[in-house]
Amino acid sequence: MINHYSIGDSFDIHQDFYFPNQIYNIVVTLSDEYEGGELQTFTQPEPQAVDKKRGLIAAFPSWALHRVTPVTSGVRRTLVVWVAGPQFK
(Lines give C-alpha, C1' and ligand atoms only; values in the text may rest on other atoms or scores of the structure.)
Protein backbone atom coordinates (compact mmCIF):
# COMPACT_ATOMS: atom_id res chain seq x y z
CA MET A 1 0.00 0.00 0.00
CA ILE A 2 1.25 3.52 -0.78
CA ASN A 3 0.52 6.05 1.98
CA HIS A 4 0.29 9.76 1.21
CA TYR A 5 0.26 12.20 4.15
CA SER A 6 -0.31 15.92 3.49
CA ILE A 7 -0.01 18.79 5.96
CA GLY A 8 -2.06 17.97 9.07
CA ASP A 9 -2.37 14.25 8.30
CA SER A 10 -1.40 11.76 11.00
CA PHE A 11 -2.26 8.25 12.21
CA ASP A 12 -2.92 7.73 15.93
CA ILE A 13 -1.41 4.91 18.01
CA HIS A 14 -2.47 1.52 16.68
CA GLN A 15 -1.48 -2.05 15.86
CA ASP A 16 -1.79 -3.69 12.43
CA PHE A 17 -3.61 -6.99 12.09
CA TYR A 18 -5.20 -6.78 8.65
CA PHE A 19 -4.42 -10.34 7.52
CA PRO A 20 -4.43 -13.79 9.14
CA ASN A 21 -1.05 -14.71 10.65
CA GLN A 22 0.32 -11.21 10.08
CA ILE A 23 3.63 -10.89 11.94
CA TYR A 24 5.68 -8.01 10.48
CA ASN A 25 5.15 -4.51 9.15
CA ILE A 26 7.64 -3.17 6.64
CA VAL A 27 7.67 0.56 5.88
CA VAL A 28 9.77 2.01 3.05
CA THR A 29 10.25 5.79 3.07
CA LEU A 30 9.63 7.17 -0.44
CA SER A 31 10.02 10.89 0.31
CA ASP A 32 12.08 12.90 2.75
CA GLU A 33 11.16 16.49 1.90
CA TYR A 34 8.64 16.95 4.72
CA GLU A 35 8.56 18.00 8.37
CA GLY A 36 6.76 16.19 11.16
CA GLY A 37 5.23 12.91 10.04
CA GLU A 38 7.49 10.80 12.26
CA LEU A 39 6.85 7.09 12.36
CA GLN A 40 7.17 6.21 16.03
CA THR A 41 7.17 2.71 17.51
CA PHE A 42 6.38 1.87 21.12
CA THR A 43 8.48 -1.25 21.69
CA GLN A 44 10.49 0.45 24.45
CA PRO A 45 9.39 2.62 27.39
CA GLU A 46 9.69 5.79 25.27
CA PRO A 47 8.49 6.17 21.65
CA GLN A 48 11.27 5.52 19.13
CA ALA A 49 11.28 7.66 15.96
CA VAL A 50 12.28 5.94 12.73
CA ASP A 51 14.78 7.82 10.54
CA LYS A 52 13.01 9.69 7.72
CA LYS A 53 15.72 9.18 5.09
CA ARG A 54 14.33 8.31 1.65
CA GLY A 55 14.91 4.65 0.83
CA LEU A 56 15.08 3.58 4.46
CA ILE A 57 13.34 0.31 5.26
CA ALA A 58 11.88 -0.14 8.75
CA ALA A 59 10.52 -3.49 9.95
CA PHE A 60 8.75 -4.13 13.23
CA PRO A 61 6.30 -6.67 14.66
CA SER A 62 2.67 -6.09 13.71
CA TRP A 63 1.69 -6.26 17.40
CA ALA A 64 3.92 -3.26 18.19
CA LEU A 65 2.04 -0.05 18.90
CA HIS A 66 3.04 2.68 16.44
CA ARG A 67 1.86 6.01 15.08
CA VAL A 68 2.65 8.76 12.58
CA THR A 69 2.80 12.27 14.02
CA PRO A 70 1.15 15.15 12.11
CA VAL A 71 2.90 16.33 8.96
CA THR A 72 3.71 20.03 9.34
CA SER A 73 5.08 20.75 5.83
CA GLY A 74 5.63 18.90 2.59
CA VAL A 75 4.24 15.46 1.74
CA ARG A 76 5.15 12.15 3.39
CA ARG A 77 4.98 9.10 1.12
CA THR A 78 5.65 5.53 2.21
CA LEU A 79 5.23 2.02 0.90
CA VAL A 80 3.79 -0.32 3.53
CA VAL A 81 4.03 -4.10 3.27
CA TRP A 82 2.59 -6.61 5.71
CA VAL A 83 4.27 -9.99 6.05
CA ALA A 84 2.36 -13.06 7.22
CA GLY A 85 3.67 -16.41 8.34
CA PRO A 86 3.67 -18.94 11.17
CA GLN A 87 3.09 -17.45 14.60
CA PHE A 88 6.06 -17.12 16.93
CA LYS A 89 6.39 -19.82 19.58
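Along the sequence shown, residues are numbered consecutively beginning with 1. No hydrogens, no waters, no symmetry mates; every other heavy atom, side chains included, goes into these values.
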Open item on the list: Would you say that Val75 contacts Tyr5 through its side chain, given a criterion of any heavy-atom pair below 4.5 Å between the two side chains?
Closed with: no
Taken in chain and number order and not counting sequence neighbours, the residues that satisfy side chain to side chain contact (heavy atoms under 4.5 Å, CB included) with Ser10 are Pro70
For Val80, the side chain to side chain contact (heavy atoms under 4.5 Å, CB included) test, sequence neighbours excluded, returns Asn3, Val27, Thr78, Trp82
Using residues 44-61 as the side-chain source, report each donor-acceptor pair under 3.5 Å to any protein atom, sequence neighbours left out, with the distance given to one decimal.
residue	atom	partner	partner atom	Å
Gln48	NE2	Glu46	O	3.0
Asp51	OD1	Lys53	N	3.3
Lys52	NZ	Gly36	O	3.0

### Non-hydrogen side-chain atoms of Thr41 and Leu65 separated by less than 4.5 Å
no
The reported gap from CZ in Phe17 to OG in Ser62 (rounded to nearest 0.5 angstrom) is 6.0 Å
To the nearest 0.5 Å, atom OG1 of Thr29 lies from atom OH of Tyr34 at 5.0 Å
Across all chains, not counting sequence neighbours, the ring-ring contact (aromatic ring centres under 6.0 Å, His included) partners of Phe42 are none
When rounded to the nearest 0.5 Å, the distance separating CZ of Arg76 from OG1 of Thr69 is 8.0 Å
One should read off an interatomic distance between Leu79 CG and Ile2 CD1, to the nearest 0.5 angstrom, of 4.5 Å
Quiz item: If we ignore angles and hydrogens, is there a donor and acceptor under 3.5 Å between the side chains of Asp16 and His66?
Solution: yes
Is Arg67 positioned over the aromatic face of Phe11, cation under 6.0 angstrom from the ring centre and no more than 45 degrees off axis? no
Rounded to the nearest 0.5 Å, the OG1 atom of Thr72 sits from the CD atom of Glu38 at a distance of 10.0 Å
Q) Honestly curious: do Val28 and Tyr24 fall in one hydrophobic cluster under the side-chain, below-4.5 Å linking rule? A) yes
With sequence neighbours left out, the residues meeting side chain to side chain contact (heavy atoms under 4.5 Å, CB included) with Ser73 are Glu35
Sequence neighbours excluded, the answer for side-chain hydrogen bond (donor to acceptor under 3.5 Å, both in side chains) partners of Gln15 is none
